[in-house]
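Please read the structure below before turning to the comments.
First listed ligand is number 1; within each ligand, the first listed atom is number 1.
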Amino acid sequence: MRIDVVTIFPDYLEPLRTALLGRAIERDLLSLSVHDLRKWTYDVHKAVDDSPYGGGPGMVMKPQVWGEALDEVCAGDPAPRLVVPTPAGRPFTQAMAHEFAAEPRLVFACGRYEGIDQRVVDDAATRMRVDEVSIGDYVLVGGEVAVMVVVEAVARLLPGVLGNPVSAQQDSFSDGLLEGPSYTRPEVWRDRPVPDVLRSGNHAAIARWRRDRSLERTFDRRPDLLTALPDGSLDKHDRAK
Ligand SMILES: N#Cc1c(-c2ccc3cc[nH]c3c2)n[nH]c1N
């Protein structure tokens with residue numbers, strides 16, 4: 001997968017070149033190109049923003065600059081997919097991460113200030129798939145952190161990135177539920193023992209116990225996920241919980 005990010009703060013994306021993702025880039029499992037939006041400015045002040053039509057606080061990012069940037073970054077690609085983080089976007093979910101992970105290329109536009117002139121998205125949508133996404137119901141200062149969240153969630157799904165591919169198959173949300181609690185050595189820590197069933201070697205009982213903890217946690221913290229489960233997702237034992 002090829003990933004391009006356009007931002008006025010290229011250094012913000014450097015963490016993506018460390019740890020697991022950094023190793024994946026070194027192994028050519030994905031490529032990451034970060035572009036400074038100011039490369040496409042055309043005035044001595046390298047202006048990327050201007051006052052909003054209709055008044056209101058803050059500034060809006062200029063369409064001319066973004067248009068030139070996306071034209072060049074997306075040039076020659078028959079089907080780039082443009083992802084624009086915004087508080088007003090569709091919720092970014094694990095299902096969306098899987099969808100993005102199937103794409104050969106993703107281009108991310110990092111907004112700042114009050115956001116990007118809407119005509120940039122409208123214009124791009126005439127030539128490519130555009131997804132305006134939100135990583136949660138809170139407000140950040142810019143799109144860079146959101147891009148790092150999305151890139152990490154997507155990249156970990158790419159073949160070879162995670163040491164154990166089973167991990168991605170057993171993620172929270174992979175079966176529509178939150179994952180349950182995890183334990184490791186020591187067997188007892190501050191008078192708190194590991195649940196006996198996890199040391200029993202009875203794999204069926206362990207699977208049942210894990211499913212029950214996952215259902216309980218989901219019911220307690222995210223009951224909305226339970227109502228969104230496809231019909232038939234819960235067996236009679238699940239329903240008895
Ligand atoms: N995704 C997302 C966001 C943002 C966000 C994204 C882009 C910009 C550009 C200026 N301010 C921004 C906030 N805030 N909260 C979220 N869940």
Take atom [atom1] of [X] as the centre, draw a 6.0 Å sphere, and report whether it contains more than 12 heavy atoms from other residues, nucleotides or ligands.
X: R210; atom1: CZ; value: no
X: Y12; atom1: OH; value: no
X: Y53; atom1: OH; value: no

Hey, which atoms in ligand 1 end up nearer than 4.0 Å to a heavy atom of [X]?
X: G111; value: 9 (C)
X: S134; value: 1 (N), 17 (N)
X: P85; value: 1 (N), 6 (C), 7 (C)
X: V141; value: 10 (C), 11 (N)
X: Y113; value: 10 (C), 11 (N)
X: A146; value: 1 (N), 2 (C)
X: V133; value: 1 (N)
X: V139; value: 14 (N), 15 (N)

Drop me the distance from M96's CE to I135's CD1, to the nearest 0.5 angstrom. 12.5 Å

In terms of residue, atom name and distance, what is the protein heavy atom nearest to [atom]?
atom: atom 16 (C) of ligand 1; answer: Y138 O, 3.4 Å
atom: atom 17 (N) of ligand 1; answer: G136 O, 2.9 Å
atom: atom 14 (N) of ligand 1; answer: L140 N, 2.9 Å

Counting both backbone and side chain atoms, is some N or O of P87 under 3.5 Å from an N or O of ligand 1?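 No - when backbone and side-chain N and O of P87 are compared with those of ligand 1, no distance drops under 3.5 Å.
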
Test your reading of the structure: does E114 have an N or O sitting under 3.5 Å from an N or O of ligand 1?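 No, no N or O pair falls under 3.5 Å.
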
Are R213 and E179 ion-paired here, with the side-chain N under 4.0 Å from a carboxylate O? no

Whether the side chain of [X] engages the backbone of [Y] through a donor-acceptor N/O pair (distance < 3.5 Å, no angle test) should be reported.
X: S233; Y: L229; answer: no
X: T41; Y: D43; answer: no
X: R81; Y: L106; answer: no

Please verify whether a non-hydrogen atom of F92 lies at under 4.0 Å from ligand 1. no

Determine, for F100 and R156, whether the Lys NZ or Arg CZ falls below 6.0 Å from the six-membered ring centre while staying within 45 degrees of the axis. no

